Amino acid sequence: MAALPSPPPAQNKWWKRLQQLTHPTEYQQNALGPHSIVAANKELGLPVQYVLGKAEYVKGVFSGENDGTVTVVAGGILSGRSLLGEESLLLAPEPRHKYLRNLIMPAFSNEAIDKLVPRMEKVLQKYLDKWADAGAPVKAHEQLRMMTFEFIIAVVLGRDYPQETVDYLGSLYRTWAKGLLDWPYLDLPFTGYGRAKKAQRDLYKFFQGCVSEAREQLAHGKSVPGILGSLVAAIDEDGNRLTDSELGDNLLLVLLAGHDTSSSTLTNTMAHLQSNPHVMVQLRAEQRKLVAKHGSKITGPLLKEMHYADAVVRSAEAQGVEL
């Protein structure tokens with residue numbers, strides 16, 4: 001990074017700069033103070049540093065936006081971009097982005113998603129039964145994060161995994177995602193970034209096993225379920241398919257795009273409903289009406305008629321809830 005809109009100076013002392021190596025989260029919080037972005041001068045042989053505290057700034061840096069708000073230049077310190085992968089749709093420049101999008105997006109068409117609904121319902125029912133049998137209140141955000149992660153894994157990879165495998169993948173994902181904002185971006189075993197890079201490699205290794213299995217099934221004329229099946233089967237006009245790195249980077253992107261956003265939206269919606277009982281009454285009335293008309297199976301036409309449910313979710317997103 002070379003330029004950001006007139007950031008104030010870092011709020012901690014210059015000699016605290018090395019704290020980023022041992023306590024990166026604390027360093028970031030102390031450096032930011034009440035601000036959303038600060039600048040630390042060139043000191044201790046380290047370059048000028050910009051510490052970010054807002055998601056849109058971080059996204060701008062990762063995506064290489066050069067619109068006057070954020071400018072990205074080559075530097076000596078490793079960037080979090082490598083955690084997202086250069087073949088990720090989030091980072092690939094044109095025309096590469098368009099090429100990848102044309103191969104990847106059919107996996108997310110309405111027709112493709114409709115085929116995944118039974119698997120979605122199975123995961124959802126598992127957690128509903130678990131909560132009903134808990135015999136005590138459950139922590140909504142924590143449980144919804146677990147549910148949405150297992151939901152995404154099942155839908156993306158097209159199969160059910162033992163709970164220990166889901167927990168293992170969830171631990172790797174959390175370590176990887178935390179590294180996206182964990183200063184400093186130094187690939188060392190004791191830094192958050194270094195741990196995130198290892199988690200990334202372990203996730204790629206797991207994905208590679210799934211990809212190899214899917215390709216073998218495809219070669220024998222068998223259908224491959226899940227979003228992964230669509231991605232592995234995707235082929236361009238010259239007969240080329242997505243490479244291992246293209247698949248790995250974009251499978252990680254799907255997890256990132258779907259997990260935190262979905263769990264936070266569900267938590268906000270539940271909090272919104274709890275605070276507004278009359279909304280819950282109207283929502284249930286709409287659901288009963290639609291089930292009577294379409295049956296209990298979730299289908300595209302049924303979802304399109306959930307006008308009030310859609311409004312409830314949008315309202316909850318707009319109001320937000322501090323998590």
Side-chain angles (χ1 to χ4, degrees), residues 59 62-66 72 74 79-120 122-123 149-161 165 169 172-173 176-177 180 196-259 261-262 299-300:
K59 180 181 178 182
F62 285 160
S63 60
E65 292 176 358
N66 190 359
V72 180
S79 166
R81 289 174 63 96
S82 66
L83 286 175
L84 293 169
E86 295 298 331
E87 299 293 350
S88 165
L89 275 176
L90 184 63
L91 299 180
E94 295 293 358
R96 185 68 180 164
H97 181 275
K98 183 178 180 180
Y99 170 79
L100 290 173
R101 187 174 65 245
N102 288 340
L103 286 176
I104 291 170
M105 293 316 294
F108 299 91
S109 66
N110 290 336
E111 181 182 358
I113 297 301
D114 280 345
K115 296 177 181 178
L116 302 174
V117 168
R119 192 169 296 278
M120 297 178 188
K122 184 177 181 180
V123 174
F149 184 80
E150 184 169 348
F151 185 98
I152 293 170
I153 286 294
V155 167
V156 171
L157 300 183
R159 57 183 294 184
D160 301 319
Y161 289 95
T165 302
L169 294 175
L172 291 178
Y173 170 79
W176 171 78
L180 293 172
K197 287 295 292 181
K198 182 181 184 305
Q200 181 189 43
R201 291 191 291 270
D202 290 342
L203 283 168
Y204 281 165
K205 182 179 179 180
F206 186 89
F207 291 157
Q208 185 57 54
C210 298
V211 168
S212 298
E213 183 180 339
R215 285 174 174 157
E216 184 176 353
Q217 290 179 323
L218 191 65
H220 286 82
K222 299 179 181 179
S223 62
V224 182
I227 290 173
L228 176 62
S230 299
L231 295 179
V232 170
I235 187 169
D236 68 13
E237 57 187 14
D238 296 321
N240 300 312
R241 300 185 186 274
L242 291 167
T243 65
D244 291 348
S245 60
E246 290 165 350
L247 287 166
D249 288 348
N250 286 289
L251 286 172
L252 267 181
L253 179 60
V254 171
L255 291 182
L256 180 64
H259 179 245
T261 301
S262 299
T299 62

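Quick caveat, the model's predicted, so the values are computed rather than measured.
A donor-acceptor pair under 3.5 Å is formed between the side chain of Asp236 and the backbone N or O of Asp238. A distance-only check finds a donor-acceptor pair linking the side chain of Gln200 to the backbone of Ser82 [under 3.5 Å]. Under a 3.5 Å cut-off, the side chain of Arg101 and the backbone N or O of Leu89 do not form any donor-acceptor pair.
Looking at Leu172 and Lys205, their side chains never come closer than 4.5 Å, going by heavy atoms from C-beta outward.
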Test side chain to side chain contact (heavy atoms under 4.5 Å, CB included) applied to Leu84 and Trp176, step by step: CA-CA 9 Å; Leu84 293 169; Trp176 171 78; 4.1 Å; yes

Verdict with supporting geometry, Tyr99 and Asn240, side chain to side chain contact (heavy atoms under 4.5 Å, CB included): CA-CA 11 Å; Tyr99 170 79; Asn240 300 312; 4.1 Å; yes

Worked verdict on Val232 versus Arg241 for side chain to side chain contact (heavy atoms under 4.5 Å, CB included): CA-CA 7 Å; Val232 170; Arg241 300 185 186 274; 5.7 Å; no

Residues Val117, Thr299; criterion side chain to side chain contact (heavy atoms under 4.5 Å, CB included); working and verdict: CA-CA 8 Å; Val117 168; Thr299 62; over 6 Å; no

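In plain terms, the two heavy atoms of Ser230 and Ala107 that are nearest each other are CB-CB, 3.5 Å. Taking each heavy atom of Leu253 and Ser88 in turn, the nearest pair found is CD2-OG, 3.5 Å. In plain terms, the two heavy atoms of Leu218 and Ala233 that are nearest each other are CD2-CA, 3.9 Å. Smallest separation of non-hydrogen atoms from Ala214 and Val224: O-CG2, 3.5 Å. Residues Phe207 and Leu255 share a closest heavy-atom pair of CZ-CD1, 3.9 Å. The shortest non-hydrogen separation linking Phe108 to Val254 is CZ-CG2, 3.7 Å.
Here CZ of Arg159 is found 6.5 Å from SG of Cys210. Values are rounded to the nearest 0.5 Å. Rounding to the nearest 0.5 Å places CG of Asp160 at 7.5 Å from CD of Glu150. Taken to the nearest 0.5 Å, the CG atom of Asp202 stands 12.0 Å off from the NZ atom of Lys197. Atom-to-atom distance recorded for Ser223:OG and Lys115:NZ is 9.0 Å, nearest 0.5 angstrom. Summarising the geometry, atom CG belonging to Leu231 is positioned 6.0 Å from atom CG belonging to Leu251; distances are rounded to the nearest 0.5 Å. Taken to the nearest 0.5 Å, the NZ atom of Lys98 stands 12.5 Å off from the CG atom of Leu103.
The environment of Glu111 atom CD is sparse: at most 12 non-hydrogen atoms of other residues, nucleotides or ligands sit within 6.0 angstrom.
Side-chain atoms of Gln208 and Ser212 include a donor-acceptor pair closer than 3.5 Å.
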